[in-house]
Amino acid sequence: MYSGFLIVIIPLVLGYLVELKQAKHIHWINVCTNKMIYVILFLMGISLSHLDNFSQNIQNIGLYSFTVLSCVSIANLMALWGLDKRLTKTIAGEGESLSKWHLILESLQLIFVIAAGFILGLFVSSELIDIDAISEGALILLLLFIGCQLRNSGMKLREILLNTWGIKIAVVMMLSSWLGGMAAALLLEIPLTNGLALASGFGWYSLSGILITDGLSPVFGGAAFIIDLGRELLAILIIPSLIRLYPSTAIGYAGATAMDFTLPMIQKSGGNSYVPLAIVSGFILSLSSPLFISVFLAL
């Protein structure tokens with residue numbers, strides 16, 4: 001029951017224990033992490049091609065994705081908007097426009113990686129390759145790299161604890177995501193733990209899809225990928241219009257990506273003053289996502 005939990009936690013912790021001193025080593029870890037993400041998404045595509053009753057399963061993926069993304073997004077936006085109203089904080093900053101389409105294209109290219117794996121899988125028999133064992137080994141290696149990345153991200157515990165606004169954003173984001181996930185699970189008539197796991201990606205599509213594929217099935221994993229990719233694409237679109245009036249909403253909805261992929265959009269649209277807030281919130285959600293996904297999958 002807890003084997004999946006241990007597969008996630010042990011390599012993540014081991015990676016987090018590794019402290020790198022030289023910039024070239026940190027760069028190497030970042031490059032390896034990016035490459036492993038593409039490899040595992042490619043393997044996910046192969047897994048999808050080996051599904052029985054594919055037409056029915058692809059409909060389920062679409063239904064799960066739309067329902068969970070809708071419920072979670074509504075819950076997030078309402079809760080984060082309430083946080084903005086309560087805090088009534090603003091940060092002065094000169095924002096500039098940034099091309100959304102470039103970021104969107106970078107996200108969409110991951111879909112093409114999955115599609116390439118799917119096409120290859122159509123020509124490779126599942127008896128010739130143990131895709132589950134290969135995917136699990138690649139996942140363990142990826143989690144080692146991610147743990148190392150988090151340790152060497154530059155965030156110190158003291159910096160996180162002192163930024164209470166960033167902590168509040170992350171907590172509200174998590175709690176509202178779980179409420180949305182439970183509502184979606186009731187609508188879809190699936191186990192609550194599955195809904196909670198799907199809602200715990202917090203926008204980290206390159207990891208949530210992989211973990212849930214390994215813990216549940218390629219159908220749920222494919223849905224998790226689309227849910228969190230959809231969140232990122234929506235975040236890219238709404239950040240420029242919300243960041244100045246509703247910073248908690250804009251930064252919080254970006255989820256785990258606020259510390260990396262959507263950070264340039266936050267910086268350019270809101271100004272440098274919002275960067276520490278985004279990094280703290282994104283760091284907490286990045287650390288929490290694999291932990292909570294593995295917990296809900298183990299229940």
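Starting from 1, each residue takes its place in the sequence as its number.
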Has [X] got a side-chain atom pairing as donor or acceptor with [Y]'s backbone, closer than 3.5 angstrom?
{"X": "S73", "Y": "S70", "result": "no"}
{"X": "S289", "Y": "S286", "result": "no"}
{"X": "D84", "Y": "S248", "result": "yes"}
{"X": "S281", "Y": "L277", "result": "no"}

Pairwise side-chain contact, [X] with [Y], heavy-atom cut-off 4.5 Å (strictly under):
{"X": "I279", "Y": "L263", "answer": "yes"}
{"X": "L175", "Y": "W178", "answer": "yes"}
{"X": "C148", "Y": "L20", "answer": "yes"}
{"X": "W165", "Y": "P247", "answer": "yes"}
{"X": "V219", "Y": "Y64", "answer": "yes"}
{"X": "V172", "Y": "N76", "answer": "no"}
{"X": "L63", "Y": "L188", "answer": "yes"}
{"X": "F202", "Y": "S288", "answer": "yes"}

Practice task
Each residue besides M78 in its hydrophobic cluster should be listed here, by chain and number; the cluster joins Ile, Leu, Val, Met, Phe, Trp and Tyr at side-chain heavy-atom distances under 4.5 Å.
Solution key: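 The other cluster members (ILVMFWY side chains, heavy atoms under 4.5 Å, direct or chained) are I74.
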Problem - Evaluation steps, side chain to side chain donor-acceptor pair (under 3.5 Å), between W204 and T257 - result: CA-CA 7 Å; W204 198 350; T257 68; over 6 Å; no
Any link between [X] and [Y] through a network of hydrophobic side chains (Ile, Leu, Val, Met, Phe, Trp, Tyr) touching at under 4.5 Å?
{"X": "F112", "Y": "L43", "result": "no"}
{"X": "V31", "Y": "L207", "result": "no"}
{"X": "L297", "Y": "I190", "result": "yes"}
{"X": "V113", "Y": "I134", "result": "yes"}
{"X": "L187", "Y": "I227", "result": "no"}

Practice task
Go through the steps to decide whether I284 and I169 satisfy the test side-chain contact (heavy atoms from CB on, under 4.5 Å), and finish with yes or no.
Solution key: CA-CA 10 Å; I284 293 171; I169 290 175; over 6 Å; no
Practice task
With side-chain contact (heavy atoms from CB on, under 4.5 Å) as the test, would you mind laying out the steps for V39 and L142 before giving the verdict?
Solution key: CA-CA 10 Å; V39 169; L142 174 64; over 6 Å; no
Least distance between heavy atoms, [X] atom then [Y] atom:
{"X": "V72", "Y": "G181", "result": "CG2-N, 3.8 Å"}
{"X": "S176", "Y": "A79", "result": "CB-CB, 3.7 Å"}
{"X": "P191", "Y": "A185", "result": "O-CB, 3.9 Å"}
{"X": "G121", "Y": "S49", "result": "CA-OG, 3.1 Å"}
{"X": "L196", "Y": "M182", "result": "CD2-CG, 3.7 Å"}
{"X": "S177", "Y": "A199", "result": "O-CB, 3.2 Å"}

Handout entry: Test side-chain contact (heavy atoms from CB on, under 4.5 Å) applied to F220 and I61, N60, L198, the passing residue
Key =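 Only match with F220 under side-chain contact (heavy atoms from CB on, under 4.5 Å): L198.
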Atom pair [atom1] ([X]) and [atom2] ([Y]), whose distance is rounded to the nearest 0.5 Å:
{"X": "I238", "Y": "I243", "atom1": "CD1", "atom2": "CD1", "result": "10.0 Å"}
{"X": "I251", "Y": "M173", "atom1": "CD1", "atom2": "CE", "result": "12.5 Å"}
{"X": "L144", "Y": "C32", "atom1": "CG", "atom2": "SG", "result": "11.5 Å"}
{"X": "L141", "Y": "M36", "atom1": "CG", "atom2": "CE", "result": "4.5 Å"}
{"X": "L77", "Y": "L242", "atom1": "CG", "atom2": "CG", "result": "8.0 Å"}
{"X": "F145", "Y": "N30", "atom1": "CZ", "atom2": "CG", "result": "10.5 Å"}

Problem - Partner of D228 by side-chain hydrogen bond (donor to acceptor under 3.5 Å, both in side chains), out of S65, S208, S200 - result: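 Per the side-chain hydrogen bond (donor to acceptor under 3.5 Å, both in side chains) rule, the option paired with D228 is S208, out of S65, S208, S200.
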Exercise for the section: Begin from the C-alpha positions of L186 and L192 and carry the test side-chain contact (heavy atoms from CB on, under 4.5 Å) through to its verdict. Expected result: CA-CA 7 Å; L186 293 174; L192 284 178; 4.2 Å; yes
Practice task
Tell me, with the steps shown, if I46 and V124 meet side-chain contact (heavy atoms from CB on, under 4.5 Å).
Solution key: CA-CA 9 Å; I46 296 176; V124 178; 5.9 Å; no
Exercise for the section: Taking the six-membered ring of Y253 (Phe, Tyr or Trp), confirm whether the NZ or CZ of R231 is under 6.0 Å from its centre and within 45° of its axis. Expected result: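 Satisfied, under 6.0 Å and within 45°.
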